[in-house]
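Structure first, commentary second.
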Amino acid sequence: MKVTGLGVLVIGLLPRVAVAARNSLKSMRTGLQPGNKTRLVIETANRPSYTLSYPENKLIVSIANTAANASVKPTLAGGGLIKSITQAQVGDRLQITAHLTRSINTIPKGQIMILEPNGDTDYRLVLDFAAGAPITVSSGHSTSETAAPAQKRIIVIDAGHGGKDPGCIGKGGTKEKTVVLSVAKKLKAKLDAAGFKTYLTRSTDVYLKLAERAQIAERRKADLFLSLHANANPSRAMKGFSIYTLSEKASDEEARKLAEAENAADKIDVAGFTNFEKEIRVALSALQQHAVAEMSEEYATGCTKSLRNANITQQPGPGVRHAPFAVLRSTVPGALLELGHLSNAAEEKLLATDAHQNKLVAAIVKSVRAYNFDV
């Protein structure tokens with residue numbers, strides 16, 4: 001990857017923004033990159049909301065709320081994997097099909113970028129890829145193309161506290177560590193059944209440092225990290241759930257730390273990261289951290305809505321709160337869910353019941369299913 005200006009480079013973890021106005025296709029072109037990689041650039045008037053699929057000898061880019069434009073002819077570079085590009089309208093989506101000389105595998109996040117408008121160019125979706133083993137495709141797809149089955153999204157569930165750290169304890173003796181572990185196990189079972197690949201940071205009553213929990217999510221290459229907790233408040237009358245994401249201030253601080261970390265290249269997932277000057281490494285790190293913060297905010301907002309729709313009491317105040325929780329200092333989008341107040345006698349009893357735990361789990365599963373992982 002060649003960096004020509006900090007203002008135009010946005011890594012593949014950039015926040016997803018719903019496209020309200022009808023999008024339009026501006027241009028399509030291909031090029032060659034170091035390492036025998038082919039580059040596909042799709043330019044659109046607005047930020048694209050897209051999905052990718054990988055049938056044999058094809059790459060399909062489906063862009064939401066976008067019209068096909070027959071006047072746009074692709075510019076093809078010789079020697080790459082793309083031999084031709086076609087476009088078709090499928091409902092309200094523009095389906096762009098790159099016909100390949102050989103099949104490719106899933107394109108890693110670090111090889112997908114959305115570049116901001118710059119000068120005479122609009123938004124550009126940039127995909128870099130090389131030949132790889134073809135993916136087995138499913139049959140019966142509703143369009144003329146046969147798409148690869150959706151990949152299993154990885155969710156890491158963190159049951160807060162544990163072992164020597166009980167967390168908060170209700171007046172009736174209910175321990176936070178026990179409640180959240182019970183909910184975490186129920187949530188894992190439901191998410192697994194829903195088709196996700198789910199991991200727990202702890203499955204028993206053990207103590208883990210905060211940094212270890214975030215590291216587990218990064219090692220698992222998680223798409224979403226959920227840290228479960230129960231709250232306490234000096235006011236015994238206070239009750240209800242609350243959801244937190246990492247504050248912007250903490251995000252900026254972590255960007256600087258991340259740029260200098262020993263495993264920064266792996267975390268940032270940008271080719272040649274360690275060869276960039278320090279200012280560029282920090283800028284890339286900051287872009288990623290801000291992107292993760294916005295993606296986390298998107299999930300947290302949806303989760304708040306899902307819990308409210310399930311008639312679960314929300315703590316008075318904003319739907320999504322922000323704080324520099326160490327457990328959220330990660331390159332993985334995530335949120336910390338305070339499931340309720342153990343300091344409230346009625347809510348303490350409620351949180352200890354299977355019925356209420358199942359109600360919480362069902363709402364969280366709905367929020368995960370509704371979350372847009374693709375863009």
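The shown structure was predicted, so the numbers you read here are calculated from the model rather than taken from an experiment. Side chains included, hydrogens not; waters and symmetry mates left out as well; all remaining heavy atoms used.
For the residue pair Ser24 and Arg22, no side-chain donor N or O sits within less than 3.5 Å of a side-chain acceptor on the partner. In the model, His229 has no side-chain atom that pairs as donor or acceptor with a side-chain atom of Glu338 under 3.5 Å. In this structure, a donor-acceptor pair under 3.5 Å is present between the side chains of Ser103 and Asn57. When only modelled atom types and interatomic distance are considered, Ser62 and Tyr50 share no side-chain donor-acceptor pair under 3.5 Å. Looking at Gln357 and Ser182, their side chains do bring a donor and an acceptor atom within 3.5 Å of each other. Between the side chains of Asn233 and Ser235, no donor-acceptor pair is found at a separation under 3.5 Å.
With a 4.5 Å cut-off on side-chain heavy atoms, His161 and Tyr207 do not count as touching. The shortest distance between side-chain heavy atoms of Arg321 and Ile243 does not fall below 4.5 Å. Using a 4.5 Å heavy-atom threshold, the side chains of His99 and Ile85 count as separate. Leu94 is not listed as a side-chain neighbour of Thr44, based on a closest heavy-atom distance of 4.5 Å or more. For the pair Ile60/Gln95, a side-chain contact is recorded, criterion being any heavy-atom separation below 4.5 Å from C-beta on. Looking at Lys26 and Val72, their side chains never come closer than 4.5 Å, going by heavy atoms from C-beta outward.
Distance check, rounded to the nearest 0.5 Å: CG of Asn344 to CZ of Arg236 gives 9.0 Å. Taking NZ of Lys175 as the start and CG of Leu181 as the end, the distance is 13.0 Å to the nearest 0.5 Å.
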Stepwise side-chain contact (heavy atoms from CB on, under 4.5 Å) check, Leu76 with Ile82: CA-CA 8 Å; Leu76 304 178; Ile82 298 177; 4.3 Å; yes
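Judged by a 6.0 Å distance limit and a 45° cone about the ring axis, Arg153 is not positioned over the six-membered ring of Phe196.
The two residues Leu81 and Ala130 have their closest heavy-atom pair at CD1-C, 3.7 Å. Taking each heavy atom of Leu59 and Tyr54 in turn, the nearest pair found is CD1-CE2, 3.8 Å. Taking both residues in full, the closest heavy atoms of Cys303 and Ser367 are given as CA-CB, 3.5 Å, listed atom of the first, atom of the second, then distance. Between Arg369 and Ala194, the shortest heavy-atom contact is NH1-CB, 3.4 Å. Nearest approach of Ala131 to Arg102, heavy atoms of both residues: CB-CZ, 3.7 Å. Nearest heavy atom pair, residue Lys152 against residue Gly195, reads CG-O, 3.4 Å.
Checked for salt-bridge contact, Arg202 and Asp158 miss the test: no charged N lies under 4.0 Å from a carboxylate O. With respect to Arg124 and Glu116, no salt bridge is recorded, no charged nitrogen being found less than 4.0 Å from a carboxylate O. Here Asp165 does not pair with Lys177 in a salt bridge; the nearest charged N to carboxylate O distance is not below 4.0 Å.
Not one N or O on the side chain of Gln33 forms a donor-acceptor pair closer than 3.5 Å with the backbone of Arg39. A side-chain donor-acceptor contact under 3.5 Å links Glu176 to the backbone of Cys168.
Residues passing the ring-ring contact (aromatic ring centres under 6.0 Å, His included) test with Phe129, sequence neighbours excluded: none.
Partner Glu43 forms a side-chain contact (heavy atoms from CB on, under 4.5 Å) with one of Asp122, Leu115, Leu25 and no other, that one being Asp122. Checked against Leu187 for a side-chain contact (heavy atoms from CB on, under 4.5 Å), the options Val368, Leu337, Ile364 give a single hit: Ile364.
Transitive grouping of hydrophobic side chains (ILVMFWY, heavy atoms separated by less than 4.5 Å) brings Leu360 and Leu200 into a common cluster. Met238 and Leu339 fall into different hydrophobic clusters, where Ile, Leu, Val, Met, Phe, Trp and Tyr are joined by side-chain heavy atoms under 4.5 Å apart, directly or via other members.
Counting non-hydrogen atoms of neighbouring residues, nucleotides and ligands closer than 6.0 angstrom, the CG atom of Asp92 exceeds 12 such neighbours. Annotation: Lys186, atom NZ; neighbour count of heavy atoms from other residues, nucleotides and ligands within 6.0 Å is above 12. By the 6.0 Å contact criterion, NZ on Lys359 is enclosed, its count of non-hydrogen atoms from other residues, nucleotides or ligands being greater than 12.
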